[in-house]
Amino acid sequence: MAQTYDVIVVGSGPGGYPAAIRASQLGLKVAIVEKELLGGICLNWGCIPTKALLKSAQVFEYIKHAKDYGINVGEYSADFGGVIKRSRGVADGMSKGVAFLMKKNKIDVIMGTGKVKGVKTVEVTDKDGKKTDYTAGKGVVIATGARARELPNIKIDGTKVIEYRKAMSLETQPKSLLVVGSGAIGMEFAYVYATMGTKVTVVEFLPNLVPVEDEDISKEIAKQYKKLGVDTYVNSSVERVDTSGNGCKVTVKTPDGEKTFEVDVVLSAAGIVSNIENIGLEEAGIKTDKGKISVNEWYETNVPGFYAIGDCTPGPALAHVATAEGIICAEKIAGHKTEALDYGNIPGCTYCQPEIASVGFTEKKAKEAGYDIKVGKFPFKASGKATAAGATDGFVKVIFDAKYGEFLGAHMIGMNVTEMIAEVVVARKLETTAHEIMRSIHPHPTMSEALKGATEAAYGEAIDL
């Protein structure tokens with residue numbers, strides 16, 4: 001006889017565990033199925049441990065430039081093993097935190113590999129191969145996430161050609177590293193390794209680094225990475241990787257012809273692929289499209305009683321998106337009136353140094369959409385707080401509709417801008433106009449003043465420029 005719950009969530013990542021908690025808060029009996037570690041990729045191998053690595057790299061960078069702040073230090077070096085150990089410790093602590101939340105919210109944790117089958121049923125295979133069926137009276141939420149994409153000509157072997165999981169757990173620091181892809185994952189690891197002394201090369205297939213960002217952001221990060229000593233190649237592709245020798249011989253097709261790089265390690269950071277294989281979708285009749293589970297605005301699949309959220313669905317592959325989807329999905333299952341997610345107001349962040357944060361239209365996209373726009377920029381070199389902090393690189397760029405003052409988008413690069421972007425998300429949610437931003441008092445001195453300054457610049461009212 002199958003064990004019965006109201007809701008069963010398959011996957012405990014940043015989409016799955018919030019969905020489970022919200023369902024429990026709404027009075028439903030919930031179980032969550034996890035095959036590896038509570039918290040999923042984000043807490044264990046993604047968002048959280050990478051930020052620990054980035055912080056270690058930033059501290060090392062501060063030490064290198066301590067004299068700029070009037071501080072003298074003696075001999076110093078990066079303990080690569082210690083950096084990795086700290087990162088793993090942070091991840092372990094966060095995973096234990098999710099276990100506490102499951103217990104606090106009276107959610108049963110079922111360890112094993114889940115497979116959907118029948119009517120609102122999940123078959124779980126434990127580590128010993130034993131299979132057990134569990135049924136959900138109200139719904140099954142599929143939150144199986146994604147993994148690194150393996151390109152046909154860049155075979156990941158886990159030693160010389162690696163993906164992000166191995167990049168944060170290498171035993172020794174490579175002397176040279178070639179990163180394939182300049183999205184958030186690629187750029188963050190490029191910063192970490194370059195800061196600690198690895199010679200890093202980044203290869204990007206598209207015309208700009210961080211290609212989803214505004215072109216001004218791409219130009220600025222290219223300039224900053226050049227200062228860091230990172231070689232970058234855009235409009236370029238890795239043709240071959242020869243691992244027969246001690247390291248890797250990488251052939252790259254660039255606009256100036258083929259170039260060969262000899263490096264210790266290649267990091268493949270060319271996107272992700274959803275984990276939807278062998279989880280019973282075909283047998284259950286659940287439709288997929290282009291490697292993603294098809295869902296409606298409430299995350300319902302075509303089969304009643306089955307839902308899907310996060311990276312295994314077509315939305316942006318971001319942890320905070322998965323969380324929002326999970327909460328909305330749980331509320332829908334519980335029969336509550338809820339609000340559909342506005343995918344036009346999703347912030348994106350890259351946590352290298354300087355940080356990158358953005359939301360809404362880029363300048364190019366706003367023009368393509370037919371808007372008559374006003375654009376303002378405020379450089380951090382004009383910021384008192386940034387100057388005092390020794391972090392004058394970067395700027396805030398804002399885009400407004402010229403006719404009504406609608407806040408179309410914001411693009412930031414600089415220190416702590418990933419903390420600043422939430423103001424824009426809330427402002428756009430509340431349909432705040434440029435005038436209201438300019439008349440909202442921003443504390444002085446702060447980095448956040450740059451948003452007000454950029455808005456003033458867009459309307460020819462800048463005080464500090």
For the atom pair [atom1] ([X]) and [atom2] ([Y]), what is the distance rounded to the nearest 0.5 Å?
X      : Y      : atom1 : atom2 : result
Leu451 : His442 : CG    : NE2   : 5.0 Å
Phe261 : Thr201 : CZ    : OG1   : 5.5 Å
Glu220 : Ile356 : CD    : CD1   : 9.5 Å
Asp216 : Phe395 : CG    : CZ    : 5.0 Å
Lys160 : Thr243 : NZ    : OG1   : 5.5 Å

Whether over 12 other heavy atoms sit under 6.0 Å from [X] [atom1]:
X      : atom1 : result
Phe205 : CZ    : no
Glu431 : CD    : no
Tyr343 : OH    : yes
Tyr404 : OH    : no
Asp68  : CG    : yes
Lys166 : NZ    : yes
Glu419 : CD    : no

Does a donor on one side chain sit under 3.5 Å from an acceptor on the other, for [X] and [Y]?
X      : Y      : result
Thr198 : Gln173 : yes
Ser358 : Glu213 : yes
Glu258 : Thr260 : no

For the student: nearest non-hydrogen atoms of [X] and [Y], plus distance:
X     : Y      : result
Val73 : Ile63  : CG2-O, 4.1 Å
Ala57 : Thr195 : O-CG2, 3.2 Å
Gly46 : Met168 : N-CE, 4.3 Å

Salt bridge flag under 4.0 Å for residues [X] and [Y]:
X      : Y      : value
Lys219 : Glu215 : no
Glu406 : Lys374 : no
Lys199 : Asp231 : yes
Glu61  : Lys64  : yes
Glu300 : Lys332 : no

Ile373 vs Lys367, side-chain contact (heavy atoms from CB on, under 4.5 Å): CA-CA, chis, key distance, verdict = CA-CA 7 Å; Ile373 61 174; Lys367 290 176 179 177; 3.9 Å; yes

Within the side chain of [X], is there an N or O that forms a donor-acceptor pair under 3.5 Å with the backbone of [Y]?
X      : Y      : answer
Lys51  : Cys47  : yes
Asn275 : Cys312 : no
Arg428 : Gly344 : yes
Ser56  : Leu54  : no
Ser176 : Asp264 : yes
Ser95  : Leu38  : yes
Glu331 : His336 : no
His411 : Glu363 : no
Thr350 : Cys352 : no
Thr455 : Ala434 : no

Could you please spell out the steps behind the side-chain contact (heavy atoms from CB on, under 4.5 Å) verdict for Ile162 and Leu170?
-> CA-CA 10 Å; Ile162 63 174; Leu170 284 174; 4.1 Å; yes

What's the verdict on side-chain contact (heavy atoms from CB on, under 4.5 Å) for Leu341 and Tyr299, showing C-alpha distance, side-chain angles and the deciding distance?
-> CA-CA 10 Å; Leu341 186 59; Tyr299 312 107; 3.7 Å; yes

Determine, stepwise, if the pair Lys452 / Glu423 fulfils salt bridge (Lys or Arg N to Asp or Glu O under 4.0 Å).
-> CA-CA 11 Å; Lys452 183 172 181 285; Glu423 178 183 349; over 6 Å; no

